[in-house]
Amino acid sequence: SGKPGGIHLIIIATFSVPISFMTGIIEWKQKYKGVKVRIFSRKQVLGLVLLGIGITCSLWYGYHPDVLKNAGGLRIVFLVLNLAILPNVIYLGYLGGKLVFGGTH
């Protein structure tokens, strides 16, 4: 018995989002002098969305650990929310790669 391993990963990843977010802001202020560029705004919004989804999924599972065992609409919504993390993280990585290797435009 116990929690599925994926839930542990979501919880760990959710706790790492604020650290990543803050290091990104520090780097932005140091390296780019805090200049407002669309790519940074996108990364900030997506980071907050990612944090929101992670907190929602973590708390939801914490209060209703049987959500994955029950068939029905709530299980589907829970799974869709978890799957929504993936494109968000992929796009955040893409934007980060553009900053590191391809500029801010």
Side-chain angles (χ1 to χ4, degrees):
S1 73
K3 297 178 182 175
I7 296 301
H8 291 123
L9 292 175
I10 290 169
I11 292 168
I12 291 168
T14 299
F15 279 109
S16 71
V17 170
I19 296 166
S20 175
F21 193 85
M22 291 309 299
T23 57
I25 292 199
I26 291 167
E27 182 70 12
W28 167 55
K29 288 184 177 185
Q30 289 178 349
K31 189 173 184 178
Y32 295 96
K33 314 245 185 295
V35 174
K36 286 284 187 186
V37 179
R38 194 159 84 198
I39 195 167
F40 294 112
S41 298
R42 285 183 183 167
K43 283 186 68 69
Q44 289 172 347
V45 169
L46 289 171
L48 292 173
V49 169
L50 180 62
L51 182 62
I53 293 172
I55 289 172
T56 300
C57 291
S58 298
L59 290 175
W60 188 349
Y61 188 84
Y63 286 109
H64 301 288
D66 58 343
V67 67
L68 293 172
K69 295 177 186 171
N70 298 330
L74 288 180
R75 176 178 156 177
I76 293 169
V77 172
F78 184 78
L79 291 172
V80 166
L81 268 177
N82 278 277
L83 289 173
I85 291 171
L86 187 58
N88 191 321
V89 169
I90 290 170
Y91 193 56
L92 278 165
Y94 168 76
L95 292 175
K98 283 185 73 167
L99 287 172
V100 172
F101 300 110
T104 58
H105 304 294

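The figures that follow rest on heavy atoms only: side chains count, while hydrogens, waters and symmetry mates do not.
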Expected output: side-chain [X] to main-chain [Y] donor-acceptor under 3.5 Å:
X: W28; Y: V35; value: yes
X: S20; Y: V17; value: no
X: S58; Y: I55; value: no

Shortest non-hydrogen contact from [X] to [Y]?
X: P18; Y: T14; answer: CD-O, 3.2 Å
X: C57; Y: I10; answer: CB-CG2, 4.3 Å
X: V67; Y: W60; answer: CG2-NE1, 3.8 Å
X: Y61; Y: L68; answer: CE1-CD1, 4.1 Å

ILVMFWY cluster, [X] and [Y] together (side-chain gap under 4.5 Å):
X: I19; Y: L92; result: no
X: I11; Y: L59; result: yes
X: F21; Y: I26; result: no

Start with the C-alpha gap between E27 and L99, add the side-chain angles, then the distance that decides, and say whether side chain to side chain contact (heavy atoms under 4.5 Å, CB included) holds.
-> CA-CA 11 Å; E27 182 70 12; L99 287 172; over 6 Å; no
Assess whether side chain to side chain contact (heavy atoms under 4.5 Å, CB included) is satisfied between I90 and Y94, documenting all intermediate values.
-> CA-CA 6 Å; I90 290 170; Y94 168 76; 5.6 Å; no
Rounded distance (nearest 0.5 Å) linking atom NZ of K36 with atom CD of Q44 =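 Here the interatomic distance stands at 5.0 Å.
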From L95 atom CG to I39 atom CD1, the distance as rounded to the nearest 0.5 Å |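 So the gap between those two atoms works out to 4.5 Å.
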Without placing hydrogens or testing angles, list every side-chain donor-acceptor pair under 3.5 Å for residues 70-89, not counting sequence neighbours.
from	atom 1	to	atom 2	distance (Å)
N70	ND2	D66	O	3.4
N70	ND2	D66	OD2	3.4
N82	ND2	F78	O	2.8
N88	ND2	L46	O	3.4

